[in-house]
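To keep things clear, I will list the structure first and then write my remarks on it.
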Amino acid sequence: MTDHKNKNPFIKYFRQDRLPTIFCSGCGIGITVNSFLKGFESTDLDFDSLALVSGIGCSSRVPGYIKCDSLHTSHGRALSFATGLKVGNPDLNVVVFTGDGDAASIGGNHLIHAARRNINLIVICINNSIYGMTGGQISPTSPKGSLATTAPYGSIDTPFNLIDLVTAAGASYVSRWTTAHPLQLSRSIKTAFNNKGFSFVEVVSQCPTYYGRRNNLKTPIAMIKMFKENTVNKKKADTLSDDELLGKIIVGEFVNKQRYEFSEQIEELTYKKTEKKPIRKSAY
Amino acid sequence: MTKELFIQGNQACSMGAIEAGCRFFAGYPITPSTEIAEDLAISLPKVGGSFIQMEDELSAIGAIIGASWSGLKSMTATSGPGFSLMQENIGFAHMSETPIVIVNVQRGSPSTGQPTMTGQGDMMQARWGSHGDYEPIAISPSSVQEFFDFTVKGFNLSEKYRVPVILLADEIVGHMRERVLIPDKTEIFKRVAPYENSSDFLPFKADENGTSPMPAFGDGYKVHITGLTHGELGYPSSSPDDHSNLVRRLTNKTLKNRKDIVSVDLKYCDDADIVLISYGSPVRSIIETVKLAREEGIKIGYLKINTIWPFPEEEIAKLNCDDIFVVELNLGQIVYEVERVVKSNANVHLIGEIGGRLPKPTDILDKIKDLV
């Protein structure tokens, strides 16, 4: 890492005294975090206004490594903490890092209600179709038939389509990319930062350690190759039949539509009642 | 000038919250606490605060912890079933030292129980409900006036020690209407901000009272807050020493400041052979019982517990009497704490009433006469 050419250009945003990370080699979280920071850098937002919130799981460890105000909460509940933080101080740029289990299983109710409120924050959902932190159990996005420690004969559950879920619930910006699309992902994160409302960015990611090894995708490269070969852009997907789309990962922007935002409406109500802006940090 | 009002307990609680500086409420409707939310939905926007009806109690407590880190005094209100759902993040608030106030207007339990009737079945849940070692602060009002006063006190203690404070009210105190005096000036504890510059600040290094100043998100301190065991910098740690030091410090915040936190009221105890102990709405019955008994020449006094947790051990151990009757609206919870504290120095008896009625003073007196 002393070689200047190989130095991560985003290292300045890290709590360097906490490195190395706990992530396994080949994990997709690194690519996601780089794309996130690249996307953030391309906005004109102040890094000091960034607040990262997370729940429990591998992806939820991200905020602990970034040098900003960070809140690592309980399993599934990150969005409720983020809701209080954002309403309490709408000047903060709040981003929630979560995974498929944290967001769609234990935190599913908070996910749909945050989307319904269209509260101005970003959810980066790193979907690796497995519970990595606990050692490889099926998640609500594990493909039917996939193998996991709690599905030794293949998963019999039908996976959630997170894009459909948050779209139906009312999210105003929705996109999905994979770790094989880092540039598209960072552009999407920039768009999400500029969206005044609930933005959901799904990152289909690899867990070579617990998902790949059991499911004939033994290396990170094999997994990323699979993403590359199996992704279809949304525009093209719209012209294909369900049979043609079987087993494919549809990527792209699904929703980008402004509507009333939650924390702003609360501020407006206060203004209507008091003719003053709400006082920030009034506990002091 | 002091204001005189005739209001409901739940209203007094919401007024106390506004008075204490609460500017954020998140909750979920549940009988018999709902009036607190309804009241704050009206009053918070008028004082520049925010009200959110959340999707459930799991998220209600999450939202108030988030809002507390945004720099606002925050509160939620619930009853037994919702209090059960809040347990996981009560633990988070202890571990992350987040000041919040949780009001539990207790009802008949277990399970859905008696939503519209009173009960005191959650006393031990407030003590032990979340997993692990922690020392909660819980206070219990027995009148509408106290529901106002104790809500203010709850916020002050929560901010001072950076711990969640639980107000253990009950349906009778919540729904009863009484005369309340609202002073024109109340003593309010303001949250303490860090005094170092951001690069030297250790967010979890304790000051003299065991806690540390609390920065708000966005202040530039770039703090990391986690429910994981952490060191003084806030970073996760798997060191046995870090865990031991942290959890001992957190529990000691409450235990070592007992004198500042604990409050009881004693009446007629000096010459008493018999002492009645109670908290919350049944206090009203025991005061009457003591009057009746004294008229009959029975030497009896009472001790009213205001601070349930930390338990007023010293105050109860000091009682010099032959018999103690603990009157509570459950089948025996605080009575075991009293037994633990008085050891064999007095006979401890339980008068436990469930079903939603307050015990009648005459019935209490009859039971005392039967047993002593």
Side-chain angles (χ1 to χ4, degrees), chain A residues 15 17-18 22 48-51 53-54 56 61 63-92 94 107 109-110 112-114 116-117 262-263 266-267 269-274 276-284, chain B residues 21-24 26 42-52 54-56 58-74 88-89 91-92 96 98-99 155 159 189-193 214-228 230 233-236:
Chain A
R15 293 187 167 114
D17 50 348
R18 281 214 65 206
I22 60 160
D48 285 353
S49 71
L50 188 65
V53 185
S54 64
I56 297 294
R61 290 300 186 101
Y65 295 113
I66 309 293
K67 203 165 173 46
C68 64
D69 287 314
S70 50
L71 185 58
H72 176 221
T73 72
S74 44
H75 199 17
R77 316 283 168 242
L79 272 163
S80 55
F81 286 74
T83 298
L85 191 61
K86 180 69 185 179
V87 170
N89 184 356
D91 299 338
L92 296 171
V94 179
N109 199 32
H110 311 310
I112 56 173
H113 285 276
R116 170 176 73 88
R117 293 185 186 104
F262 186 67
S263 59
I266 289 187
E267 288 221 290
L269 176 66
T270 303
Y271 191 77
K272 235 163 73 184
K273 293 285 169 197
T274 62
K276 276 184 231 146
K277 280 194 109 185
I279 306 157
R280 305 266 195 267
K281 300 175 190 172
S282 60
Y284 295 91
Chain B
C22 173
R23 292 296 176 267
F24 185 92
I42 297 169
S43 55
L44 272 170
K46 295 181 186 167
V47 293
S50 303
F51 171 91
I52 309 180
M54 293 300 288
E55 54 269 22
D56 51 30
L58 304 164
S59 53
I61 185 162
I64 65 168
I65 295 172
S68 188
W69 281 102
S70 81
L72 303 182
K73 293 188 183 178
S74 310
E88 76 171 344
N89 282 327
F92 183 88
S96 60
T98 310
F155 272 98
E159 293 292 333
F189 190 90
K190 278 196 176 284
R191 190 176 291 182
V192 181
M214 179 174 169
F217 272 35
D219 279 352
Y221 287 91
K222 300 186 194 304
V223 285
H224 183 55
I225 309 305
T226 178
L228 283 165
H230 45 273
L233 194 53
Y235 292 178

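To find a chain, count down the sequence lines: A is the first, B the second, and so on, and within it residues start at 1. Computed over heavy atoms, backbone and side chain alike; hydrogens, waters and symmetry mates excluded.
Looking at A:L85 and B:F217, their side chains come closer than 4.5 Å, going by heavy atoms from C-beta outward. Here the side chains of A:H110 and B:L58 are in contact, with some heavy-atom distance below 4.5 Å. Using a 4.5 Å heavy-atom threshold, the side chains of A:I266 and B:I52 count as touching. Counting only heavy atoms from C-beta outward, the side chains of B:P236 and A:R18 approach each other to under 4.5 Å. At a threshold of 4.5 Å between non-hydrogen side-chain atoms, the residues B:V47 and A:K273 do not count as touching.
Without hydrogens or angle criteria, A:Y284 side chain to B:A216 main chain gives a donor-acceptor distance under 3.5 Å. A:D69 places a side-chain N or O within 3.5 Å of a backbone atom of B:G218 that can act as its donor or acceptor partner.
With chain A as the partner, the residue from B:I61, B:L228, B:I64 showing the most heavy-atom pairs under 4.5 Å is B:L228. By number of non-hydrogen pairs under 4.5 angstrom with chain B, the leading residue of A:G76, A:A114, A:A82, A:G64 is A:G64. By number of non-hydrogen pairs under 4.5 angstrom with chain B, the leading residue of A:V53, A:T73, A:I66 is A:T73. Considering only heavy-atom pairs separated by less than 4.5 Å from chain A, the leading option among B:K222, B:K190, B:E159 is B:K222. If you tally non-hydrogen atom pairs under 4.5 Å between each of B:M54, B:R23, B:K46 and chain A, the highest count goes to B:M54. When each of A:I279, A:T83, A:V87, A:L269 is scored by its heavy-atom pairs under 4.5 Å with chain B, the top score falls to A:V87. Note on A:K277, A:R61, A:R15: by heavy-atom pairs under 4.5 Å with chain B, the leading option is A:R15. Of the listed residues (A:A51, A:P278, A:C68), the one with the most heavy-atom contacts under 4.5 Å to chain B is A:C68. Of all the listed residues (B:A60, B:C22, B:S68, B:G48), the one sharing the greatest number of non-hydrogen pairs under 4.5 Å with chain A is B:G48. The candidate from B:A26, B:G21, B:S59 with the greatest count of non-hydrogen atom pairs under 4.5 Å with chain A is B:S59. When the candidates B:G234, B:G227, B:G220, B:A193 are compared by the number of heavy-atom contacts under 4.5 Å with chain A, B:A193 comes out ahead.
Of the two parts of A:K67, the backbone and the side chain both hold a non-hydrogen atom closer than 4.5 Å to a non-hydrogen atom of chain B. Contact of A:Y271 with chain B is not made at all, since no heavy-atom distance falls under 4.5 Å. Contact of B:D56 with chain A is made through the side chain alone, with heavy-atom distances under 4.5 Å. With a 4.5 angstrom heavy-atom cutoff, B:P99 does not touch chain A via any of its atoms. Heavy-atom distances place both the backbone and the side chain of A:S282 under 4.5 Å from chain B. Only the side chain of A:R117 has a heavy atom closer than 4.5 Å to any heavy atom of chain B.
Using a 4.0 Å cut-off between charged side-chain N and carboxylate O, A:R77 and B:E88 make a salt bridge.
Heavy-atom minimum distance, A:K281 versus B:L72: N-CD2, 3.9 Å.
When the ring-ring contact (aromatic ring centres under 6.0 Å, His included) test is applied to B:F51, the partners found at least two apart in sequence or on another chain are B:F25.
Atom CD1 of A:I22 has more than 12 neighbouring heavy atoms from other residues, nucleotides or ligands inside a 6.0 Å radius.
Aromatic ring pairs are classed by plane angle as parallel below 30°, tilted from 30° to 60° and perpendicular above 60°; the pair B:F92 and A:F81 is perpendicular.
Taken from CZ in A:R280 to OG in B:S70, the straight-line distance is 9.0 Å, to the nearest 0.5 Å.
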